[in-house]
Amino acid sequence: MKLKNKIAIVTGGNLGIGEAIAREFAREGAQLIILGRNIDRGTNVCNNLSSEFGVKAEFFQTDFNDSKAIIKTMEEITKKYTKIDILVNNAGIATSGTVETLDEEQWDEIFRVNVKAPYLISKYIIPVMRENGSGSIINIGSSAGLVGAWGLHAYSATKGAIIQLTKSMAAEYAKENIRVNALCPGATATPLMDNVDQEFIKMIPMQRMANPMEMAKGAVFLASSDSSYMTGSNLVIDGGFTAV
Ligand SMILES: NC(=O)c1ccc[n+]([C@@H]2O[C@H](COP(=O)([O-])OP(=O)(O)OC[C@H]3O[C@@H](n4cnc5c(N)ncnc54)[C@H](OP(=O)(O)O)[C@@H]3O)[C@@H](O)[C@H]2O)c1
């Protein structure tokens, strides 16, 4: 098992890509701390991981649109867990609209959830990783952070920001054995993509969406010692979308 005795935080681990990452981490022996808003889904996922893989898993309810709530949760987590090996900043929202139609509050909300929350959570977890001598942080970007996205300008801007944040954080913490990488999914079959336009799928060279598990396998690679010399990198898993 690649993550035996590791403790991992997965934000948004109660649904979609985050849930798949939590599952693959548990399969590899990791203990899970999952953050999200929906308690029922969070508790169910944790119970399922514990019964299926025999690992401990705990859910913390937090709204990433509220900095005070994040800080309260991070204080609670860092008091309880003195060892955290892996942080996956996965939770995210995609708000559509053009520059003219998206209102200012929607712009602020998407930046709070997709960019500010990963920054704030990292701020609390890096000292714990430093104390333990190592860590791996994985920020979930998007192919939309590498190229523009019609009708998703704010989302695309947040994902561009998280990719750049990853590179700077990697440089800042490399000497302390804390690696920071981004994983950039392309279109992946989750509730976020429920209303995807089939014409969009035809633009993907592989002509299909990914299964969330195909992202989770990449996250296991970035979390484990298999990627021990990798930091500041961007693992793109997008069926060839940004290759052409
Ligand atoms: N699916 C794709 O095609 C795709 C492609 C590229 C990148 N991504 C990225 O991959 C990540 C996961 O996406 P997904 O497709 O799995 O999305 P999803 O199925 O919609 O799940 C989103 C997750 O984020 C959590 N979340 C959303 N808003 C939150 C908030 N305000 N506070 C706390 N948690 C919140 C949700 O938990 P609650 O519901 O409990 O709040 C849920 O667990 C995102 O960063 C997304 O941008 C996805």
Side-chain angles (χ1 to χ4, degrees), residues 9-24 32-46 59-74 77 87-96 105-106 108-121 138-149 152 154-163 165-166 182-197 200-201 203-204 206 208-216 218-219 222 234-239 241-242:
I9 297 183
V10 180
T11 73
N14 56 353
L15 190 70
I17 292 173
E19 182 180 352
I21 291 173
R23 262 188 89 69
E24 280 308 294
L32 269 306
I33 300 164
I34 292 177
L35 273 64
R37 287 170 302 184
N38 189 308
I39 300 186
D40 289 345
R41 269 197 277 106
T43 311
N44 275 343
V45 168
C46 287
F59 180 72
F60 289 82
Q61 188 195 30
T62 317
D63 184 353
F64 286 8
N65 195 26
D66 177 355
S67 293
K68 287 201 178 84
I70 298 175
I71 290 169
K72 188 167 169 280
T73 301
M74 295 322 293
I77 290 174
L87 165 63
V88 185
N89 284 311
N90 161 80
I93 54 171
T95 317
S96 57
E105 175 46 31
Q106 289 174 304
D108 286 343
E109 180 185 8
I110 195 168
F111 270 83
R112 278 195 294 268
V113 175
N114 291 7
V115 185
K116 191 174 179 186
Y119 143 78
L120 258 185
I121 293 166
I138 302 164
N139 292 324
I140 303 300
S142 170
S143 52
L146 299 168
V147 294
L152 284 169
Y155 177 72
S156 177
T158 64
K159 293 302 182 178
I162 204 83
I163 292 166
L165 176 69
T166 299
L183 190 163
C184 282
T188 306
T190 70
L192 192 79
M193 296 296 278
D194 275 350
N195 301 316
V196 69
D197 181 351
F200 173 71
I201 304 301
M203 291 165 65
I204 303 168
M206 288 185 78
R208 67 167 177 88
M209 285 202 273
N211 181 297
M213 209 49 76
E214 293 175 301
M215 301 304 145
L222 292 176
N234 188 15
L235 182 60
V236 181
I237 307 180
D238 70 353
F241 184 71
T242 54

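Indexing begins at 1, ligand by ligand and atom by atom, following the structure's order.
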**Message:** So, 4.0 Å and heavy atoms of Gly186: is ligand 1 close enough to count as a contact?
**Reply:** yes
**Item:** Per-residue contact class, Ile93 against ligand 1 - non-hydrogen pairs under 4.0 Å
**Value:** side chain
**Asked** Does Ala94 have a heavy atom less than 4.0 Å from any atom of ligand 1?
**Response** no
**Message:** Can you tell me which portion of Met193 lies within the under-4.0 Å heavy-atom range of ligand 1? Options are side chain, backbone, both, or neither.
**Reply:** side chain
**Request:** Examine the proximity of ligand 1 to Arg41 and report which part, side chain or backbone, both or neither, has a heavy atom under 4.0 Å away.
**Result:** side chain
**Asked** Any non-hydrogen atom of Pro212 lying under 4.0 Å from ligand 1?
**Response** no
**Request:** Just do the ring pair (Phe, Tyr, Trp, His ring centres under 6.0 Å) check on Phe241 and Phe200 with the steps written out, would you?
**Result:** CA-CA 10 Å; Phe241 184 71; Phe200 173 71; 5.3 Å; yes
**Request:** Check ligand 1 against Thr62 and write out every atom of the ligand that is under 4.0 Å from a heavy-atom position of the residue.
**Result:** 32 (N), 33 (C)
**Request:** Ignoring hydrogens and angles, state whether a donor on the side chain of Asn14 or Asn38 is under 3.5 Å from an acceptor on the partner side chain.
**Result:** no
**Message:** Any carboxylate oxygen within less than 4.0 angstrom of a Lys/Arg side-chain nitrogen, looking at Arg112 and Glu105?
**Reply:** yes
**Request:** Considering the heavy atoms of Ala187, write down every atom of ligand 1 situated less than 4.0 Å from one of them.
**Result:** 3 (O)
**Request:** Could you tell me if any non-hydrogen atom of Lys159 lies under 4.0 Å from any atom of ligand 1?
**Result:** yes
**Prompt:** Under 4.0 Å from ligand 1, counting heavy atoms only, is it the side chain of Asp63, its backbone, both or neither?
**Reply:** both
**Asked** Have Thr158 and Asn114 got a donor and an acceptor in their side chains that come within less than 3.5 Å?
**Response** yes
**Message:** Does Asp194, at its CG atom, have more than 12 non-hydrogen atoms belonging to other residues, nucleotides or ligands within less than 6.0 Å?
**Reply:** yes
